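So the structure is just underneath, and the comments pick up after that.
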Amino acid sequence: MELLHRSFFARDPVTCARELIGYELVWNQCAGIVVETEAYTATNDEACHTFFRRSAREFIAAHRAGDAYVYLNYGMYWLLNVLVKGGAEAGFVLLRALEPVRGIKLMKQRRAPQRAPDRLESLCSGPGKLTIALGIDGRDHGRDLCSGAHVGFRVSSAKVQVAAGPRIGITRAAELRWRFTKNGSAFVSGVRQPPQQTAYAQSR
DNA sequence: TCTTAGATGTGA
DNA sequence: CACATCTAAGAT
């Protein structure tokens with residue numbers, strides 16, 4: 001498995017979040033194309049954990065670029081981030097949606113307790129959904145995503161169009177257009193208001 | 001098609 | 001006590 005190199009995450013978080021669209025997230029037997037991300041920067045971003053949480057700042061100091069930052073949200077959903085550091089600014093990329101490509105049966109089994117609809121488009125269409133589908137939880141916090149044999153981002157040769165829009169589900173700094181989606185994808189979250197911003201080509 | 005409530009754990 | 005969520009249920 002040819003994984004995305006750690007140097008990919010040694011740039012600024014906004015660039016990483018945008019360019020991660022189209023790569024494949026592999027998690028043991030399951031895999032999906034990354035179709036939605038959000039960027040959070042360690043400084044000047046009130047929505048980032050680093051703004052209020054000492055533990056987040058300590059995590060950045062103690063870990064390497066490409067390590068997983070996993071935390072529990074609303075008391076019930078694990079959210080997967082990738083640590084970005086080494087560029088102009090450190091921060092995180094939140095994985096928000098996947099287009100399932102492998103291990104679909106297993107992912108559906110994991111999501112079944114939620115009584116989730118059987119539609120493939122809604123299997124991983126949200127940050128809490130995709131962690132359930134992939135079996136990600138707090139034990140993955142701090143995990144190296146760039147050198148393991150079973151987990152990481154697989155290099156893709158596909159060319160994708162990426163759209164940018166405001167981050168969703170947050171209250172502070174909501175005006176920043178740091179949410180990125182694969183243009184026109186039916187697998188993104190927030191179907192009520194799909195991003196209709198200017199799209200641009202992204203070469204691989 | 002939209003808005004609402006309720007489940008639920010943790011860091012500060 | 002605020003939260004980077006999700007679903008079912010009820011109103012429109």
Side-chain angles (χ1 to χ4, degrees), chain A residues 9 12-18 20-21 25 32 34-63 67-85 89-98 100 107-143 145 163-181 186-196:
Chain A
F9 299 104
D12 77 281
V14 178
T15 302
C16 287
R18 187 198 333 121
L20 208 49
I21 301 295
L25 175 59
V34 178
V35 295
E36 179 178 350
T37 61
E38 280 179 0
Y40 291 83
T41 59
T43 56
N44 300 321
D45 182 3
E46 294 190 35
C48 187
H49 275 189
T50 53
F51 204 82
F52 289 110
R53 282 149 96 127
R54 166 184 289 270
S55 57
R57 296 190 290 269
E58 290 173 347
F59 181 92
I60 292 180
H63 286 80
D67 285 359
Y69 177 84
V70 180
Y71 79 100
L72 189 64
N73 192 33
Y74 290 98
M76 27 181 34
Y77 295 105
W78 295 102
L79 269 55
L80 172 65
N81 296 254
V82 185
L83 173 59
V84 174
K85 67 184 281 194
E89 190 165 24
F92 301 100
V93 174
L94 170 66
L95 278 292
R96 288 195 55 92
L98 303 174
M107 288 194 275
K108 284 184 176 178
Q109 285 174 2
R110 291 192 179 117
R111 290 257 293 133
Q114 292 193 296
R115 296 180 295 280
D118 209 28
R119 293 177 57 252
L120 195 59
E121 289 84 353
S122 56
L123 185 57
C124 300
S125 59
K129 293 173 172 181
L130 74 88
T131 54
I132 293 171
L134 296 179
I136 295 170
D137 61 26
R139 292 170 299 186
D140 298 304
H141 187 51
R143 187 166 181 176
L145 302 181
R167 298 180 294 185
I168 60 179
I170 58 173
T171 52
R172 298 181 300 267
E175 74 284 355
L176 295 172
R177 294 161 57 86
W178 287 353
R179 177 189 182 218
F180 302 100
T181 59
F187 297 85
V188 302
S189 70
V191 184
R192 287 202 289 262
Q193 285 192 353
Q196 53 220 125

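Each chain gets a letter, A, B and so on, in the order the sequences are listed, and its residues count up from 1. All of these numbers come straight from a predicted model, not from anything done at the bench. Keep in mind that the numbers below use all heavy atoms, side chains included, and drop hydrogens, waters and symmetry copies.
- Residues in residues 71-80 of chain A take part in no salt bridge (Lys or Arg N to Asp or Glu O under 4.0 Å) pair, two or more places apart or across chains.
- Residues that satisfy the side chain to side chain contact (heavy atoms under 4.5 Å, CB included) test with A/Asp12, not counting sequence neighbours, are A/Val14, A/Thr15.
- Between A/Arg172 and C/dC3 there is a side-chain polar atom (N or O) within less than 4.0 angstrom of OP1 or OP2.
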For residues 55-62 of chain A, which side-chain N or O atoms pair as donor and acceptor with protein atoms under 3.5 Å away, sequence neighbours left out?
residue: A/Arg57; atom: NH1; partner: A/Thr50; partner atom: O; Å: 2.5

Please tabulate the protein-to-nucleotide N/O contacts below 3.5 Å involving nucleotides 8-12 of chain B, giving atom names and distances.
residue: B/dT8; atom: O2; partner: A/Tyr74; partner atom: O; Å: 2.3
residue: B/dG9; atom: O4'; partner: A/Gly75; partner atom: O; Å: 3.2
residue: B/dA12; atom: OP1; partner: A/Arg54; partner atom: N; Å: 2.6
residue: B/dA12; atom: OP1; partner: A/Ser55; partner atom: N; Å: 3.3

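- OP1 or OP2 of C/dA4 has not a single side-chain nitrogen or oxygen of A/Arg179 nearer than 4.0 Å.
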If you write DNA chain C from 5' to 3' in dot-bracket form, with Watson-Crick or G-U pairs under 3.5 Å, [ ] for crossing pairs and | for pairs with another strand, what do you get? |||.|||||||.

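- Among the heavy atoms of the strands lying under 4.0 Å from A/Arg96 are primed sugar atoms or P, OP1, OP2 only; no base atom is included.
- Atom CZ of A/Arg167 and atom P of C/dA4 are 10 Å apart (whole Å).
- Protein atom CZ of A/Phe180 is 19 Å distant from nucleotide atom P of C/dA4, rounded to whole Å.
- Spacing between atom CD1 of A/Ile170 and atom P of C/dA4 amounts to 7 Å, rounded to whole angstrom units.
- Atoms CD (A/Glu36) and C1' (C/dA4) sit 11 Å apart, rounded to a whole Å.
- Taking atom P in both B/dA5 and C/dT12, the straight-line distance is 14 Å, to the nearest Å.
- Residues forming a side-chain hydrogen bond (donor to acceptor under 3.5 Å, both in side chains) with A/Arg110 (at least two apart in sequence, or on another chain): none.
- Looking at A/Glu38, its side chain does come within 3.5 Å of a backbone N or O of A/Ile168 through a donor-acceptor pair.
- Between the CZ atom of A/Arg111 and the C1' atom of C/dT5 there is a distance of 11 Å, given to the nearest Å.
- In this structure A/Tyr77 satisfies the side chain to side chain contact (heavy atoms under 4.5 Å, CB included) test together with A/Leu79, A/Gln114, A/Ile132, sequence neighbours excluded.
- Side-chain atoms of A/His63 and A/Tyr69 include no donor-acceptor pair closer than 3.5 Å.
- A gap of 22 Å separates the C1' atoms of C/dC6 and B/dG11, to the nearest Å.
- Residues satisfying the side chain to side chain contact (heavy atoms under 4.5 Å, CB included) criterion with A/Leu120, sequence neighbours excluded, are A/Pro100, A/Ile104, A/Leu123, A/Phe187.
- Contact between the side-chain N/O atoms of A/Thr171 and the OP1/OP2 oxygens of C/dC3 is found at a separation under 4.0 Å.
- In this structure A/Arg119 satisfies the side chain to side chain contact (heavy atoms under 4.5 Å, CB included) test together with A/Glu121, A/Ser122, sequence neighbours excluded.
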